[in-house]
Asker: 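Can you read through this structure? Questions will come right after.
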Amino acid sequence: MFLQRIGNKGIRLGTLFDRAAARHPGNMVVLDHDLDVAPELGRRLALPEVAELVAELASRLWAAGVRTGERIVVHKTDGFDISLLACAAARIGAVPVLLSPKLDGATVVELVRRAQQPYLVTDEAKLTDSLPADVFEAARKVLLTSGTFEGATPLASYAGTERVAPITMGPDHPTLITHTSGTTGTPKLAVHTGHTFQARYRPQATVVSAVRSREPVAIHVSFVHSRMFTAMPIAILQGHPLIILKDDEPESVGTLFSQIPPGLIEAHPNTFLRWEVLANDPRGPLSNVKYFSSTFDAIHPRTVHKLLGASRRRLPLFAQAYGQSEVGPIAARTYSRKRGAEADGRCVGSPFHGMTNVRVVSRDGNAPSKSSPGFIEVKSDGRIVTYLGEHPRWEKQVNDGWWRMGDVGYRTKWGCLHLLDREVDEIPGVESTLEIEDKLFARVEDLIEVIIIPGPDGRPVPVVSTRDDKPLDERVWRDAVVGLPPMADPVRWKLEDLPQTATTKIKRLELARLLAAGSTGNGDRP
């Protein structure tokens, strides 16, 4: 961790775009959508324009009454302005609390209450369609990025207000609050400081620094996720034009990447899965990619193989990092065309030397192994400092500085960490559901998602989604499961019906509950 501490003065989100614009004034931010807070700016903005917008939004928030140290919950329709509003809040020393647009209204109200009378930045669509009326009681004041609603104040009404000078908080002051994925229940609110964010920045910056200067970096990650606030600063401070995507629909992404070919792409694993079809796109939208990067979840070997094959660069690499919202990236490995993920898809790499550490703790007195995996615990200066309003819950995961990840696995004699399953997802008699899923992806070309969950009778049940929702070929499936543990017949769901988190992870426990309750995956919810 000593390398994370040297010269760590905090990430300073409030002046991020000012500093990037001063270094690289000609660089651009390219969007695939209009900003709700400033649709007139269009979709290609110079860095000085973005810096000006952040300063304007910060001044509007100040004029609305927000002061240093106060919390601002941002929960609005999806868009990059969520991230810009977070920077604007940090610019006046306030603490942004970012809630995914995918969260249901009741959960949002609960998290707003946990933030203890914060300001709420939202929009007419959210107030009309999903947020219950009692959100007004939970918030000190409700501000709108677009539209109108009784009892709420449009941010635009403060346009042109007197500019407020940026306020720099100490590196140990809370700088951002994000929420956990919520795969196992109501999300927790993770509190990050400037110091912890800068500590996360360093291991991730090593990948981007290998990309040639001025090559575009494309990012498709949740605008409320902590990863956005390391990926984005790394790109713009190192001088890369930035492509920000809200939509991962392959056709529109292929068009944009054909016009502005990225040298590096950061995205969710399920997004890369959708983009497999781009490998065969005659426009070659992935042909210039030197590095593919993913941090959020296990990546399937088939996806890695297809994406690397689409690049025309001499030695393209796929970088996979293992981490968590609470601690940032912990370990990493790269795949090449010669040594793809199929060589060992469950290996998630080794810790970052001098920055992070990993240990695996036995659960049964035996040395952790594939047949007897242990608890994965990690150390990093990037670890959050608490769960807002739930500090005892945070303390339960810390043991003498080691953070329990909630995953099980083992390390090889060479030090490589193998991730087998989440603790809560283990199925008796199955060594690794993730390994089975990897093999099924490799053997069944039409799969775009497969999740192994316990059925009502305890047997593993494969829930599958197919490309274009085509029927599953029974003969291909029978051949695919040869040599795998006994499983129930596959259950086919549409991909859009699977319960997902903000980072497109499948909520396995929720899926198992829905299946047990009789849901058929056709949009019905018992």
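Quantities reported herein were computed from a predicted structural model and do not represent experimental measurements.
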Asker: Considering residues at least two apart in sequence or located in another chain, which fulfil the side chain to side chain contact (heavy atoms under 4.5 Å, CB included) criterion with Ala159?
Answerer: Glu56, Arg60
Asker: Parallel, tilted or perpendicular for Phe223 and His33, by the 30°/60° rule?
Answerer: tilted
Asker: With side chain to side chain donor-acceptor pair (under 3.5 Å) as the criterion, how do Asp36 and Thr145 come out once you've worked through the C-alpha distance, each side chain's angles and the decisive distance to 0.1 Å?
Answerer: CA-CA 6 Å; Asp36 290 339; Thr145 57; 4.7 Å; no
Asker: By ring pair (Phe, Tyr, Trp, His ring centres under 6.0 Å), which residues pair with His391, not counting sequence neighbours?
Answerer: Trp394
Asker: Under 3.5 Å, side chain of Arg200 to main-chain N/O of Gly382, donor-acceptor pair present?
Answerer: yes
Asker: Could you go through His173 and Val95, starting from their C-alpha distance and side-chain angles, then the distance that decides it, and tell me whether this counts as side chain to side chain contact (heavy atoms under 4.5 Å, CB included)?
Answerer: CA-CA 9 Å; His173 188 273; Val95 184; 3.9 Å; yes
Asker: Checking Ser83 now: which residues fulfil side chain to side chain donor-acceptor pair (under 3.5 Å) with it, not counting sequence neighbours?
Answerer: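 Partners of Ser83 by the side chain to side chain donor-acceptor pair (under 3.5 Å) criterion come out as none, since no residue qualifies.
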Asker: Taking ring pair (Phe, Tyr, Trp, His ring centres under 6.0 Å) as the test, write out the residues that go with His75, two or more places apart.
Answerer: none
Asker: Give every donor-acceptor pair under 3.5 Å between a side-chain atom in residues 148-155 and any protein atom, sequence neighbours left out.
Answerer:
none

Asker: Using a strict threshold of under 4.0 Å (side-chain N to carboxylate O), is an ion pair present between Arg513 and Glu510?
Answerer: yes
Asker: In the structure I gave you, are the side-chain heavy atoms of Arg274 and Ile448 within less than 4.5 Å of one another anywhere?
Answerer: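 Result no, sub-4.5 Å side-chain heavy-atom pair not found.
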Asker: Looking only at side chains, do Ser100 and His179 share a donor and an acceptor under 3.5 Å apart?
Answerer: no
Asker: Show the numbers, then the answer: is there a side chain to side chain contact (heavy atoms under 4.5 Å, CB included) between Thr433 and Arg508?
Answerer: CA-CA 11 Å; Thr433 61; Arg508 293 170 182 257; 4.0 Å; yes
Asker: Is the backbone of Phe197 close enough, under 3.5 Å, to the side chain of His192 for a donor and an acceptor to pair up by distance?
Answerer: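 Between the backbone of Phe197 and the side chain of His192 there is no qualifying donor-acceptor contact (under 3.5 Å).
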Asker: What do you reckon, are the aromatic ring centroids of Phe257 and Trp275 less than 6.0 Å apart?
Answerer: yes
Asker: List the atom pairs, with distances to 0.1 Å, where a side-chain N or O of residues 38-50 and a protein N or O form a donor-acceptor pair under 3.5 Å, not counting sequence neighbours.
Answerer:
residue, atom, partner, partner atom, Å
Arg43, NE, Asp34, OD1, 3.1
Arg43, NH1, Asp32, O, 3.0
Glu49, OE1, Ala46, N, 2.9

Asker: Looking just at side-chain N and O atoms, do Asp18 and Thr15 make a donor-acceptor pair shorter than 3.5 Å?
Answerer: no
